[in-house]
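Heads up, the thing below is written out as structure tokens.
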Amino acid sequence: MLTKKQTLEAIDEMAYLFPDAECELVHSNPFELLIAVVLSAQCTDALVNKVTPGLFAKYKSPTDYLMVPQEELEQDIRRIGLFRSKAKNIQKLCRSLIDDFQGEVPKERDELVKLAGVGRKTANVVTSVAFGVPAIAVDTHVERVSKRLGICRWKDNVREVEETLMKKIPEERWSDTHHQLIFFGRYHCKAQSPQCPECPLLSMCREGKKRMKGKL
DNA sequence: AACTCGGGGCA
DNA sequence: TGCCCAGAGTT
């Protein structure tokens, strides 16, 4: 297991590799971000960014999403995987925004997770990116990188990964760390083909050293 | 804890 | 063209 100090060194190294790491979902307000993050479940941000310009031009408010039949919304996001359940969830989500939150996106993580289609990861992204509340959203990239490097344990569940990261990283760096881990995971420490031979973190990486030994 | 939902992108 | 990608809800 990496110590706090080693963990921070690893994050600093990632920041050097990806100095511009930030949320890639195109949005211009919290509501658009919420919709974009819900859509991004189980598909890439790049794909979401292909449908959201048209989507956000057509739907400006929670009310707008409720004025069309579910089938029409499904067609509007049909290029995204799981589009049927996502269309249904988005309409449920908008209904609940109107009924319970005066049409505004709630700022509390505990309120956000009650919305349809919003889980722990989505709620953390919205609070940190839209409202600047420190949070570490654990998606598959964050989880994979944390486990490979040895920041957390292999058998940790998502919640345990998040708790370990929050323990090892000072709060003011949570949001940045989240983006660093995602970029590092997406573009360098990839699921199928991690770039170990050219990785500056190799010397401190549990999994990387194993992989290199297997190849040499 | 395991299963389901699903089209896009790349090898 | 088949395999890999990537979370939330349900059982």
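All chains are named by letter (A, B, ...) in the order of the sequence lines, taking the proteins before the strands, and each is independently numbered beginning at 1.
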Exercise for review: Please test A/Lys121 against A/Glu143 for salt bridge (charged side-chain N to carboxylate O under 4.0 Å, His left out), starting from the C-alpha separation and ending with a verdict.
Suggested key: CA-CA 11 Å; A/Lys121 182 252 180 181; A/Glu143 181 173 355; over 6 Å; no
Considering only atom P, compute the distance from B/dG9 to C/dA8 and round it to an integer number of Å.
22 Å
Item to complete: Name the nucleic acid region contacted by A/Leu47, choosing base, sugar-phosphate or nothing; use a 4.0 angstrom heavy-atom cut-off, strictly under.
Response: sugar-phosphate
Rounded to whole Å, the CZ-P distance (A/Arg79 to B/dC5) equals 23 Å
- Query: So what does A/Val38 hit on the nucleic acid, given a heavy-atom distance under 4.0 Å: a base, only sugar-phosphate, or nothing?
  - Reply: nothing
Any side-chain N or O of A/Gln192 below 4.0 angstrom from OP1/OP2 of C/dC5? yes
Taking the P atom in each of B/dA11 and C/dA6, what is the distance between them to the nearest angstrom? 14 Å
When rounded to the nearest 0.5 Å, the distance separating CD of A/Gln42 from CG of A/Leu47 is 12.5 Å
Is the phosphate of C/dA6, meaning OP1 or OP2, less than 4.0 Å from a side-chain N or O of A/Thr44?
no
Assign each of A/Cys43 and A/Val118 the nucleotide of DNA chain C bearing its closest heavy atom; nearer the 5' end lies the nucleotide of A/Cys43
In whole angstroms, the gap separating P of C/dC4 from CZ of A/Arg144 amounts to 14 Å
Looking only at heavy atoms, the pair that brings A/Gly185 and A/Arg144 closest together is O-NH2, 2.8 Å
Whole-Å distance, A/Lys86 NZ to C/dG7 C1', equals 8 Å
- Query: Transitively linked via ILVMFWY side-chain contacts under 4.5 Å: A/Leu112 with A/Met166?
  - Reply: no
Looking only at C/dA8, B/dG6, C/dA6, the nucleotide nearest the A/Lys121 side chain is C/dA8
### Task
Answer with base, sugar-phosphate or nothing: what part of the nucleic acid does A/Lys50 contact at a heavy-atom distance below 4.0 Å?
sugar-phosphate
* Under-4.0 Å side-chain N/O to phosphate OP1/OP2 contact, A/Ser85 with B/dG6 -> yes
On a whole-Å scale, what distance lies between the P atoms belonging to B/dG6 and C/dT11? 15 Å
A/Asn49 atom CG is separated from B/dG8 atom P, nearest whole Å, by 16 Å
Charged N-O contact under 4.0 Å between A/Asp45 and A/Arg186 = yes
(request) Would you tell me if any nitrogen or oxygen in the side chain of A/Thr122 comes within less than 4.0 Å of OP1 or OP2 on C/dG7? (result) no
Separation between CD (A/Gln6) and NZ (A/Lys168), nearest 0.5 Å, reads 8.0 Å
Mind checking if A/Ala46 touches a base, just sugar-phosphate, or nothing, with heavy atoms under 4.0 Å? nothing
Need one value for A/Ile182: base, sugar-phosphate or nothing, where a base atom within 4.0 Å counts as base even if backbone is also close, heavy atoms only. nothing
The nucleotide from B/dC5, C/dC5, C/dA6 with an atom nearest the side chain of A/Ala191 is C/dC5
Rounded to whole Å, the NZ-P distance (A/Lys190 to B/dG9) equals 16 Å
Short side-chain N/O contact from A/Arg84 to OP1 or OP2 of B/dG6, under 4.0 Å: yes
Whole-Å distance, A/Arg159 CZ to C/dA8 P, equals 13 Å
Rounded to whole Å, NZ of A/Lys155 lies from P of B/dA1 at a distance of 11 Å
A/Gln42 atom CD is separated from C/dA6 atom P, nearest whole Å, by 8 Å
